[in-house]
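Please read the structure below before turning to the comments.
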Amino acid sequence: MSKTKAYIREGDIYQVNFTRRFTAHFGLSPQAYTVNARMSLAKELLRETDLSCTQIASLTGFGDLARFSSRFRQKTGLAPTAYRAQADR
């Protein structure tokens, strides 16, 4: 169960109401906020560590390298390895 759903269940808040309040407060849906946070962490790990892309995919919750690479490319326009190479300049 996702943390959002657990929070909703514990607080007896309807999901639509939670999503509306969250979006009003943060300017993003809970899902978009989570993806952005995971992507920011992935970028930091690519810039600051020598971890493999597979390790970063796992640590940031993308599950596998293919999914991570695809989402990273969608968000940044670069493959993770290209982003790392560019950051090393």
Side chain to side chain contact (heavy atoms under 4.5 Å, CB included) assessment of S69 paired with T81: CA-CA 9 Å; S69 294; T81 52; over 6 Å; no
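With sequence neighbours excluded, the residues satisfying side-chain hydrogen bond (donor to acceptor under 3.5 Å, both in side chains) with R47 are Y83. By the ring-ring contact (aromatic ring centres under 6.0 Å, His included) test, F62 pairs with F68, sequence neighbours left out. Residues that satisfy the side-chain contact (heavy atoms from CB on, under 4.5 Å) test with T76, not counting sequence neighbours, are K43, F72, L78. Residues meeting the side-chain hydrogen bond (donor to acceptor under 3.5 Å, both in side chains) test with N36, sequence neighbours left out: K75. Judged as a side-chain hydrogen bond (donor to acceptor under 3.5 Å, both in side chains), and not counting sequence neighbours, E44 has no contacts. Scanning for side-chain hydrogen bond (donor to acceptor under 3.5 Å, both in side chains) contacts around S70 gives an empty result, with sequence neighbours left out.
Summarising the geometry, atom OG1 belonging to T54 is positioned 11.0 Å from atom CG belonging to L59; distances are rounded to the nearest 0.5 Å. To the nearest 0.5 Å, atom CG of residue L45 and atom OG of residue S40 are 11.0 Å apart.
Closest non-hydrogen pair, R84 versus I56, comes out as NH2-CD1, 3.6 Å.
Listed by first then second residue, pairs satisfying ring-ring contact (aromatic ring centres under 6.0 Å, His included) with a partner in residues 27-52 read F22-Y33, F26-Y33, not counting sequence neighbours. Counting only residues at least two apart or in different chains, side chain to side chain donor-acceptor pair (under 3.5 Å) contacts with residues 22-32 are absent.
L41 and L28 fall into different hydrophobic clusters, where Ile, Leu, Val, Met, Phe, Trp and Tyr side chains are chained together by heavy-atom contacts under 4.5 Å.
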